[in-house]
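Since the structure comes first, as structure tokens, the remarks are kept for the end.
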2 protein chains.
Amino acid sequence: MSYTIKDVAKHANVSIATVSRVLNGLSGYSKATEEKVLQAIKELEYQPNAIARGLISKKSNTVGILFPEVSSQFSAKILRGVEEAVHRLGSSVIVCNTASHGQRTMKYLQLLSEKRVDGILFVSESITEEFYKTLDSMKIPVVLISTESYQYPFPFVKVDDKHAAFTATDYLVRMGHSKIGMLGGNKEDLIAGQPRIDGYKQALAQSGLPINEQSIIHSLGFSFKDGFTGLPKLLEQSSDLTAIFAASDALALGAISAAYKLGVKIPDELSIIGYDNLPIAEMAIPPLTTVAQPLEEMGMVATEMLFSMMEQGRRVESRILPHCVIERESVKEIKPI
Amino acid sequence: MSYTIKDVAKHANVSIATVSRVLNGLSGYSKATEEKVLQAIKELEYQPNAIARGLISKKSNTVGILFPEVSSQFSAKILRGVEEAVHRLGSSVIVCNTASHGQRTMKYLQLLSEKRVDGILFVSESITEEFYKTLDSMKIPVVLISTESYQYPFPFVKVDDKHAAFTATDYLVRMGHSKIGMLGGNKEDLIAGQPRIDGYKQALAQSGLPINEQSIIHSLGFSFKDGFTGLPKLLEQSSDLTAIFAASDALALGAISAAYKLGVKIPDELSIIGYDNLPIAEMAIPPLTTVAQPLEEMGMVATEMLFSMMEQGRRVESRILPHCVIERESVKEIKPI
DNA sequence: GTGAAAGCGCTAACAA
DNA sequence: TTGTTAGCGCTTTCAC
């Protein structure tokens, strides 16, 4: 059992109130008592009990973060930014892996509520009515990362998916491509799925290029496997493609592996641009050209938003962070005909 | 402000002691009062305050985990296993990114101590005397993951690095290779660096193959970049190598990328086996044959060890988890001469 | 079967 | 400048 403020008080021959004062850097004691107290703290190696502090201050100095999948590179990068900012701001972060499972998410929300976390970060998933209700009843700030809600008023930080997809596709156009296919994620996904398809189509339309539904593959997810199985299908449907926009880096890597198996040379016979700029992008062969989302920064910005809501008690503006294309070697410039 | 046990008691017309009893599933009340209390809890949507509970029970139901780098795939996989087990066991996990920085680590230890976490998981890094002292003074269970300490008595869970490196190298031998090089990590690293080199040498020795220091590159780390710069050097020192054991998957992928640039065909001209079996291993071209560490399982097992120490108060045995080689396509079988 | 009351370690209002 | 005291929300004796 470690020492309490009482022990320190006794040791320093002062009251616990005085100890509390020097502990919290308040005024109301002489230099001499401060010395005495500090000395006692050092001698006893006293550590204030954050739980007792939390009980009275009604602050746990802890925030919760919910991921559909903590072990993905995507989540890990966001977590890195969050962890950095949270600690800089004097708090800790509890991580929860929801596995995109509603009931599990509810259990976590319950848990975080009982633990009296000061705020919640919600990543990638969409907010159901059930989530909203309990989030709302907790009366603590919530910030969404890499997702948004059209129905519920939570501030968010993300990239403009449609715009980023436009940028990726437009980059391909500028590199001389006109037969451009897309390896899409789940089109039911209104936040990260459909908007990227819209951006792709808009880029094509803006350059006067035809939009052909045969040139799009809609996968169920954004995974390597989806890309691996998706590419052959896409090439079968549209054999004259010279470039592909993949809606995630994992999808793109899967496509590259499939292309390798098919003997299709990247980028000589087929160019590919990805989306995310995960660490794997630069490990690809060839290194993957991709549209970067500033994941760590998104985590940091979201955390800062959360804290300013916690401190000032008022809502904060959502933030759209800039994306940019990272040129590597998976896209080849071709001469327009 | 949410409701307290007092409100529930008032609402149900019982004492707070009774509410506490039903909350904790203790005996000492009639079926009828239980109903009343449960009803009141439901109506008020009462949520017990875990902080108040923690103050009195002296348990925070929280454990801390320290990583040198949370955002690596390696850490993320371990975290996934830990998160799973921790929640199954009724706790939460606070993550800390030490950046392999001593002072930062000390700050986190301090923080976790003040938060009165029930246990600590320490990943990949080695325990300094300073860490040991504060860990020891916290008087809570500690379990090491993917590292161990020769000087301090913390139980650990890891793979047998030397043995796993032996297995990897021996696999290459069995596939007919006799000119085998190694892309090593930091040899100053007594836990993950040197043992893998030892395992490699032992496998060679056991098969009567010569050990040539020119066939080993010692990098500073285990990263993609290290592999990328390491391979050309290795090939320059020993141009007749037919196979390479890389001490990590990242190192192996870096080597594969470098080989690609050099025009060296994998596995036709050079075979490569990795170490870790991260998700990136199967995304490589060609898919990487590697020695798998069961990272998620390591996280789960370590967590279970931690909890059994917390509950039973006594030390627990360290665990060496089995490794195995995952055959993919980066190693070619060659006929012995 | 149920309630009153003490107290976990701390902060903050109020006195002195 | 300093101490006394009343809680924060809960668990747990100890009475009844």
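Everything numeric here is computed off the predicted structure, so don't read it as measured data. Below, read A as the first sequence line, B as the second, and so on, with proteins coming before strands; counting in each chain starts at 1.
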Inspect the contact between B:Glu148 and B:Arg319 and indicate whether a charged nitrogen and a carboxylate oxygen are less than 4.0 angstrom apart.
no
Separation of B:Lys59 atom NZ from D:dT11 atom P, in whole Å?
13 Å
Of the listed nucleotides (D:dG9, D:dT2, C:dC8), which one gets closest to any side-chain atom of A:Leu55?
D:dG9
Presence of B:Lys58 side-chain N/O under 4.0 Å of C:dG9 phosphate oxygens OP1/OP2:
yes
Can we say A:Arg80 and A:Glu296 salt-bridge, meaning some charged N sits less than 4.0 Å from an Asp/Glu carboxylate O?
no
Got a salt bridge between A:Arg104 and B:Glu84, using NZ or NE/NH1/NH2 to carboxylate O under 4.0 Å?
yes
Measuring from the side chain of B:Ser30 (C-beta onward, heavy atoms only), which nucleotide among C:dC8, C:dC10, C:dG1 has the closest atom?
C:dG1
Any B:Tyr3 side-chain nitrogen or oxygen under 4.0 Å from OP1 or OP2 of D:dC10:
no
Any chance the side chains of A:Ser137 and A:Thr134 put a donor and an acceptor closer than 3.5 Å?
no
Rounded to the nearest angstrom, tell me the gap between atom CG in A:Asn49 and atom P in C:dC8.
12 Å
Rounded to whole Å, the CZ-P distance (A:Arg53 to C:dC10) equals 8 Å
Whole angstrom value for the distance that separates P of D:dG9 from CD of A:Glu114:
15 Å
A:Tyr152 ring center near A:Tyr132 ring center (under 6.0 Å)
yes
It should be established whether B:Thr33 places a side-chain nitrogen or oxygen under 4.0 Å from OP1 or OP2 of nucleotide C:dT2.
yes
Which atom pairs, one a donor and one an acceptor, fall under 3.5 Å between side chains of residues 298-317 of chain A and the rest of the protein, sequence neighbours left out?
unit_1   : atom_1 : unit_2   : atom_2 : d
A:Thr303 : OG1    : A:Gly299 : O      : 2.7
A:Glu304 : OE2    : A:Arg88  : NH2    : 3.3
A:Ser308 : OG     : A:Met305 : O      : 3.2
A:Gln312 : OE1    : A:Arg314 : NH1    : 3.1
A:Gln312 : OE1    : A:Arg314 : NH2    : 3.3
A:Arg315 : NE     : A:Pro153 : O      : 3.3
A:Arg315 : NH2    : A:Pro153 : O      : 2.9

For atom CD of B:Gln47 and atom P of D:dG9, their distance in whole Å
14 Å
Between P on C:dG1 and CD on B:Glu35, what's the gap in Å once rounded to a whole number?
16 Å
Give a yes/no on whether any side-chain N or O of A:Ser15 is located under 4.0 angstrom from OP1 or OP2 of D:dG3.
yes
How many whole angstroms separate atom NZ of B:Lys36 from atom C1' of C:dT2?
10 Å
Minimum-distance nucleotide (side-chain atoms of A:Tyr29 versus D:dT2, D:dC8, C:dG1)
D:dT2
Anything under 3.5 Å between a protein N or O and an N or O of nucleotides 12-15 of chain D, put it in a table, one pair a line.
none

Nucleotide C:dT11, atom C1' - distance to CG of A:Leu23 in whole Å:
11 Å
If the threshold is 4.0 Å, N to carboxylate O, is there a salt bridge linking B:Lys133 and B:Glu130?
no
